[in-house]
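Each remark here refers to the structure printed beneath this line.
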Amino acid sequence: MRKTVTLLAGFCLLLASCSDRQVIIDDFESGNLDKWTIEGNAFPMTPKSVSDHPGISGVEGGFFAGSDCEGESVMSGSGQMTSVPFTVSRDYVNFLLGGTSDRFGSRFVTVELLVDGEPVLATHPRSSSEEVLEWCSWDVREYKGRSASVRVKVDPVTMRYPLSSKSVIIDQVMQSNRKMGTFNDLLSMPVKVTDDWLLIPSSNSGRGSSLSILCDGENILGGAQNINLAEGTADYNIPVNVSAYKGKTIELRLTSVDDGDLTVTGLTQGSDRGIDYDEPYRQVYHFTPDFGWTNDPNGMVYYDGEYHLAYQANPYGTKHSNMHWGNAVSTDLVHWQDLPFIIAPDGLGSIFSGSAVVDTDNTAGFGKNAIIGMYTSASRTQKQSIAYSTDRGRTYTKYEGNPVLSDDEKQPNFRDPKVIRYGDGWVVCVAAGDVIAFYGSDNLKDWTKLSEFGKGIGSHAAVWECPDLLKFDYNGREKWVLIVNINPGGPNGGSVAQYFIGSFDGRTFKADDLPYPLWIDEGTDNYAGVTFSNTGDRHIFLGWMSNWLYSNMVPTINFRNSMTLARDLSLKDNGRHLFLASVPSPEIYAARGEAREVEVPHLNGGFSVDSILPDNKGAYEIDFTIKPGKDDRLTFKLMNGKGEEMVYTFDFKALTLNLDRSRSGIVDFYRGFAKTDILTHLVRRDSYPVQVFVDRQSIEVFVGDGDLTFTNCMFPTEVYNRLELSSGDCSVSDMKIFEIK
Ligand code: FRU
């Protein structure tokens with residue numbers, strides 16, 4: 001019996017080795033390049049010998065082929081060698097490859113598989129040392145029986161990377177049924193779907209790869225998505241909903257991946273996203289995406305009892321990439337339900353910021369009360385597109401006539417359309433370079449340019465982004481406010497929103513003569529804010545609570561970034577001129593727990609509350625009123641037991657409020673985060689009502705019933721549960737603390 005098994009095993013081995021017989025395309029041991037056509041001046045006419053190049057390791061035999069332009073830093077030295085055609089008869093084409101390891105240089109060196117003369121697969125050298133050859137393998141099963149050749153190309157270095165070095169060495173070009181390398185330019189993995197979610201391990205510092213998933217020939221992700229591979233360990237799993245494909249075998253395709261990467265070996269499935277939702281900086285009463293990256297709020301519209309918040313989303317990672325419109329709804333502006341994303345990138349580009357309106361009169365023909373979103377299709381140029389929803393914002397259909405608005409001047413920055421109803425028609429404001437362009441339309445599809453605003457006024461420290469145009473009734477007078485976001489250029493660094501007050505006649509915005517730039521919020525973390533449409537006379541504003549300086553680096557795990565509290569905007573007078581006032585939208589008060597009233601004695605030095613809340617989850621509001629005394633300064637600190645603190649200093653003489661967040665917790669993810677001098681400005685008053693909203697990674701301070709809002713993020717390693725007040729003789733009264741749920 002034993003003998004039979006041994007014999008059988010031997011027979012199987014024999015069979016396997018017969019079917020695995022290699023077909024050598026060229027191992028260069030002949031000492032000539034007769035099987036190759038050489039063009040250009042990058043390659044010599046003969047192979048190189050190991051004895052002449054003792055530093056090169058990994059060559060099999062005595063010869064290999066290689067370019068002559070090692071270390072070259074000029075634009076000359078280019079060419080190619082192309083093998084004689086062969087018929088694809090095995091599963092893999094394998095070869096040993098080395099050469100330029102510098103990231104830019106390797107772009108100029110490519111090994112390609114040509115099938116019927118057309119390049120179908122390509123590889124760049126990736127060895128960590130340019131003198132080490134590594135096996136590379138192409139899966140060529142789909143080309144069996146077809147005529148192919150291998151082409152090794154060295155391209156001229158372009159002006160953009162003039163100092164790149166480039167070289168290539170290659171050996172043992174052959175076909176076999178065995179895959180010799182573990183690295184795949186393109187890996188195709190069949191996956192039988194057994195559960196609702198595919199969980200793909202990813203690491204923020206992992207190699208970039210592009211992911212596509214095919215089922216029955218259809219790409220279910222709508223295209224290839226950039227992801228970061230988990231090479232050794234994972235930071236999180238990318239959750240992909242595959243519930244619609246249960247029981248089927250889907251094909252997962254990844255580029256630039258090694259067989260040993262955890263993304264490949266650690267792929268799992270689950271009945272949910274398997275996310276630790278309640279991670280330390282997950283906010284309680286602000287919008288955060290369940291998974292992935294967010295920046296600007298988009299498509300904000302109120303309809304049929306729900307506030308809709310689309311948002312700039314990367315559903316495949318926690319950095320800015322693969323921009324989609326995510327989708328969330330809320331009935332109270334405080335608690336948000338994150339829904340499947342609504343608009344995915346397409347041939348016109350990524351989906352950048354924009355707005356949404358309710359088409360009550362069916363002007364666009366998509367149906368009465370269709371919600372219509374207008375967004376930027378961003379690729380090499382930026383154009384505006386529309387999409388509509390007839391199911392209460394749950395799904396959107398792109399208009400087949402997209403794009404609907406392109407820039408005649410073809411400038412690279414032309415984006416973030418904000419549509420408003422004006423009379424019987426529509427007006428859209430678009431950020432165009434560093435001005436705002438206005439266009440008019442009757443049907444949201446055909447647009448005519450009306451005017452431009454912005455030359456020579458306000459801050460032009462960078463291109464303008466994310467505009468909004470709002471009509472106010474100020475004591476019976478019609479006033480208009482134009483919001484313009486700008487990044488960088490903020491008074492405290494990075495991203496900020498400025499605004500202009502003036503008039504708008506349906507065509508042209510004219511600014512009043514005011515001391516511009518005026519900022520909505522001088523805090524570091526309130527950007528790209530705009531308002532909901534379809535809210536009648538209310539102007540409800542929501543911003544992105546982050547800053548482009550560090551938003552890609554903040555220390556959260558499964559998500560990055562959040563939105564501000566909703567704020568109601570109005571016009572107020574500060575004694576010198578009108579300004580745009582922000583107060584928390586009153587809906588937040590319904591989320592308060594019971595009030596804890598704190599009697600603050602005459603300060604006379606200091607006062608502290610040792611335990612802000614007994615079971616402090618990091619989400620609370622503290623209200624109080626300050627009456628300045630002879631001493632003009634008051635310091636308010638929030639602290640934890642680890643010596644971490646946010647320190648606010650009011651100076652009622654200089655009319656400033658300063659934040660020192662240098663010891664606020666984790667600050668080292670970005671050099672400039674630990675600032676001591678984040679400064680904003682007060683309006684003179686006899687007393688100052690203050691509201692402080694704390695939520696795990698953010699503090700929003702409102703002073704003087706709308707005079708000032710100051711939004712800043714922080715990452716304490718423990719909840720702040722102690723507050724300290726210190727001042728000579730400013731008095732503090734009416735202190736109340738509420739948990740917010
Ligand atoms: C502002 C912004 C917009 C753009 C979007 C891209 O933060 O740069 O101008 O549409 O982000 O995500």
Side-chain angles (χ1 to χ4, degrees), residues 225-226 287 289 292-300 309-327 341-345 348-356 373-387 403 405-407 411-419 428-437 454 459-468 483-490 493-498 520-521 524-530 541-554 559-564 711 713:
Q225 309 293 336
N226 301 319
F287 171 74
W293 161 274
T294 188
N295 57 293
D296 314 354
N298 294 157
M300 287 156 61
L309 168 62
Y311 57 92
Q312 282 288 275
N314 177 5
Y316 304 102
T318 57
K319 291 190 179 176
H320 184 263
S321 189
N322 310 315
M323 294 326 291
H324 289 60
W325 271 22
N327 191 23
F341 61 76
I342 38 178
I343 310 184
L348 292 175
S350 303
I351 311 300
F352 273 16
S353 290
S355 53
M374 187 166 186
Y375 57 90
T376 301
S377 294
S379 55
R380 231 168 8 86
T381 58
Q382 300 182 337
K383 303 180 162 79
Q384 320 316 315
S385 296
I386 57 175
L405 174 56
S406 307
D407 178 31
Q411 46 188 331
N413 298 295
F414 183 64
R415 58 177 179 265
D416 309 338
K418 171 74 193 202
V419 184
V428 68
C429 344
V430 182
D434 68 345
V435 298
I436 301 301
S459 171
H460 290 264
V463 293
W464 287 12
E465 300 185 320
C466 300
D468 196 357
I483 295 177
V484 175
N485 286 274
I486 174 163
N487 170 66
S495 319
V496 73
Q498 63 177 325
I520 292 187
D521 181 338
T524 50
D525 298 281
N526 180 357
Y527 190 59
V530 288
F541 171 99
L542 207 68
W544 174 45
M545 195 145 55
S546 196
N547 191 312
W548 279 114
L549 290 175
Y550 44 74
S551 50
N552 275 288
M553 301 166 214
V554 296
F559 74 100
R560 271 217 176 92
N561 308 315
S562 58
M563 301 302 168
T564 65
T711 304
C713 287

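Both ligands and their constituent atoms are indexed starting at 1 by order of listing. Worth saying up front: this structure is predicted, and the values here are computed from it rather than measured.
Using modelled atom types, one finds a donor on one side chain and an acceptor on the other under 3.5 Å when comparing S385 with S377. With 3.5 Å as the limit, one finds no donor-acceptor pair spanning the side chains of T294 and Q312. Judged by distance alone, the side chains of Q382 and D407 never bring a donor and an acceptor atom under 3.5 Å apart. Checked by atom type, the side-chain pair W293/N295 shows a donor-acceptor distance below 3.5 Å.
Counting only distance, with no hydrogens or angles, the side chain of W325 and the backbone of L309 share no donor-acceptor pair below 3.5 Å.
Protein residues having at least one heavy atom under 4.0 Å from any atom of ligand 1 are N295, D296, Q312, H320, F352, S353, R415, D416, E465, Y527, W548, listed by chain and number.
Residues satisfying the ring pair (Phe, Tyr, Trp, His ring centres under 6.0 Å) criterion with Y550, sequence neighbours excluded, are Y670, F673.
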